[in-house]
Protein chains: 2
Amino acid sequence: MSLREKKKIETKNRIFEVSGRLFKEKGFENTTVDEIAKEAGIAKGTFFNYFPTKEALLLYFGEQRDELIYNLIENETKRSIPAKEKITNLLVRLAESYEKDRELTKLLIFEYRRYIGYSGLRPDNSRSRRIIKILQDLLEEGMKNSEVKSHIEAKKAAEVLTAIYVHSLMMWVNADGDFSFSSDISGKIDLLFEGIGD
Amino acid sequence: MSLREKKKIETKNRIFEVSGRLFKEKGFENTTVDEIAKEAGIAKGTFFNYFPTKEALLLYFGEQRDELIYNLIENETKRSIPAKEKITNLLVRLAESYEKDRELTKLLIFEYRRYIGYSGLRPDNSRSRRIIKILQDLLEEGMKNSEVKSHIEAKKAAEVLTAIYVHSLMMWVNADGDFSFSSDISGKIDLLFEGIGD
DNA sequence: AGTCATACATGACCCTGGTCATATTTAAAG
DNA sequence: CTTTAAATATGACCAGGGTCATGTATGACT
């Protein structure tokens with residue numbers, strides 16, 4: 001590893017850490033790129049060598065967290081409990097991981113979407129793709145164990161679960177602890193498993 | 001109505017119409033407040049007397065459309081067909097109303113979420129509250145007609161339906177006509193009505 | 001009709017995200 | 001060791017959203 005590579009990694013990390021701190025202190029909008037650069041000890045223009053836009057910091061934050069969480073969670077889904085419980089635990093666990101940095105999480109959820117919406121890029125959307133894949137696998141496993149009806153389309157059901165999760169997460173993040181995510185989403189997953197048609 | 005009130009309404013409408021046209025032509029980001037103001041025949045600073053931010057145009061656009069659509073749709077739900085079909089028709093109808101202005105819709109969906117996220121207010125959230133209310137009413141009616149299980153919590157089920165709708169709408173808007181919203185959401189509503197647990 | 005208060009219009013200015021010509025540092029080649 | 005190439009750093013500058021001191025138009029009151 002050359003000096004260049006080493007310094008590059010260090011600088012990027014320093015920018016990332018400084019910005020994370022400032023976002024928590026003052027919020028995303030009230031934090032300027034200029035002050036991030038100053039605190040990180042670089043020129044403002046240099047910032048953009050590392051992150052293409054201010055919002056890209058949020059994406060990076062999301063990526064960093066994802067790597068950590070999904071590995072933990074994928075291990076967890078290997079336990080021998082019914083599919084429904086696994087799914088609920090997974091989604092509750094996911095939500096809990098956001099508790100520590102609630103403000104950043106809120107920003108990530110809302111700004112991330114804005115960024116995608118404006119960029120004109122077809123969102124790779126690997127994040128929700130990944131959740132859907134995990135849920136789909138769990139559902140297919142549940143089919144093998146006769147816990148999930150075998151004729152349903154697992155991908156579609158996984159998309160429904162993802163929709164429930166995302167929507168509930170947004171309500172929860174906004175509610176500032178006014179209700180229990182766990183019992184809220186459990187109730188909704190119950191509805192899906194049991195069905196509401198008479 | 002004084003001359004002042006009259007001119008105020010006219011100016012606001014003119015700004016709104018001009019901006020709507022420019023957004024379609026060039027996109028939201030590529031349209032500047034300066035050119036909107038010029039085309040509307042006002043000074044740039046005057047624009048902000050009518051709309052607090054550029055993004056507020058999107059919210060206003062959403063409000064205007066809502067008034068139109070919900071009235072049409074509330075009438076439609078009075079027909080005598082099963083609850084499930086009513087719900088599906090409602091959501092498909094809602095989505096179809098966005099077809100004409102797909103790009104604006106995409107922006108509106110994202111911007112609306114951002115607005116909620118940042119408002120710091122407990123979101124009155126009248127938009128999704130309204131959808132949830134309509135869906136809840138439909139579900140309760142379905143309970144009376146033995147089309148929906150009577151022991152379920154209608155509000156929670158309505159929230160699940162809303163989550164499915166919003167998530168599917170975003171996927172559809174992003175997919176640029178790569179799949180049929182109608183059959184996608186019908187399949188998901190089927191899953192919810194039938195249940196996936198074995 | 002004249003005066004005063006209020007609402008609205010204006011455009012110069014400010015701030016911030018981002019750009020890019022220029023300078024500096026590091027690594028590779030001879 | 002010297003030269004060249006590539007990578008990175010810098011800060012002046014630009015564009016666009018938004019602000020606000022100043023000017024103008026309208027309405028209410030006498």
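Naming convention: chains lettered A, B, ... in sequence-line order (proteins, then strands); numbering from 1 in each chain. Since this is a predicted model, take the numbers as computed values, not measurements.
DNA chain D is contacted by both B/F48 and A/A43; A/A43 maps to the nucleotide lying nearer its 5′ end (nearest heavy atom per residue).
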Under 3.5 Å between N/O atoms: give me all the protein pairs with nucleotides 28-30 of chain D, atom names plus distance.
none

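In this structure, the CZ atom of B/F47 is 19 Å from the C1' atom of C/dA12, given to the nearest Å. Residue A/N49 contributes atom CG, which lies 17 Å from atom P of D/dA6 at whole-angstrom precision. What separates CD1 of B/I42 from C1' of D/dA25 is a distance of 16 Å, to the nearest Å. Distance CZ (B/F28) to C1' (D/dG16): 12 Å, rounded to an integer number of Å. For the pair B/E35 CD and D/dA15 P, the interatomic distance rounds to 14 Å; values are reported in whole Å. We find that NZ of B/K54 is positioned 16 Å from P of C/dG17, with the value rounded to whole Å.
At distances below 3.5 Å, not a single donor-acceptor pair connects side-chain atoms of B/Q64 with backbone N or O atoms of B/F61. A/T31 contributes a side-chain N or O that, together with a main-chain N or O of A/G27, makes up a donor-acceptor pair within less than 3.5 Å.
Fit an axis to the five pairs at each end of the helix from C/dA1-D/dT30 to C/dG30-D/dC1 and the two axes sit 0° apart, to the nearest 10 degrees.
Considering only side-chain N and O atoms, B/K44 lies nowhere under 4.0 angstrom from the phosphate OP1 or OP2 of C/dG11.
Within 6.0 Å of atom NZ in A/K149, more than 12 heavy atoms from other residues, nucleotides or ligands are found, so the atom counts as buried in its surroundings.
What you find for A/A95 and A/L169 is that their closest heavy atoms are CB-CD1, 4.0 Å. Of all heavy-atom pairs spanning A/K86 and A/R79, the tightest one is CE-O, 2.5 Å. The two residues B/I36 and B/S19 have their closest heavy-atom pair at CD1-CB, 3.8 Å.
A salt bridge links B/E159 and B/K155; the closest N-O separation between the charged side-chain nitrogens and carboxylate oxygens is under 4.0 Å. Using a cutoff of 4.0 Å between basic side-chain nitrogens and carboxylate oxygens, A/K6 and A/E10 are scored as salt-bridged.
From B/L135, atom CG reaches atom CG of B/L91 across 5.5 Å, with rounding to the nearest 0.5 Å.
In this structure, of C/dG17, D/dG18, D/dA9, it is D/dG18 that holds the atom nearest to the side chain of B/T53. Residue B/T32 has its side chain nearest to D/dG17 when only C/dG18, D/dG17, C/dT10 are considered. Of the candidates C/dA9, C/dG18, D/dT8, the closest approach to any side-chain atom of B/Y50 belongs to C/dA9.
At the heavy-atom level, A/F51 lies nowhere under 4.0 Å from the strands shown. B/T46 comes within 4.0 angstrom of a base, heavy atoms only.
Exactly one of A/L161, A/V166, A/L94 qualifies for a side chain to side chain contact (heavy atoms under 4.5 Å, CB included) with A/I131. That residue is A/L94.
At a non-hydrogen distance threshold of 4.0 Å, A/R4, A/K8 from residues 2-19 of chain A come into contact with DNA chain D.
Both tests pass for B/K54 against the ring of B/F28: distance under 6.0 Å to the centre and angle within 45° of the axis. Cation-pi check for A/K12 over A/F51 is met; the charged atom lies under 6.0 angstrom from the ring centroid and within 45 degrees of its normal.
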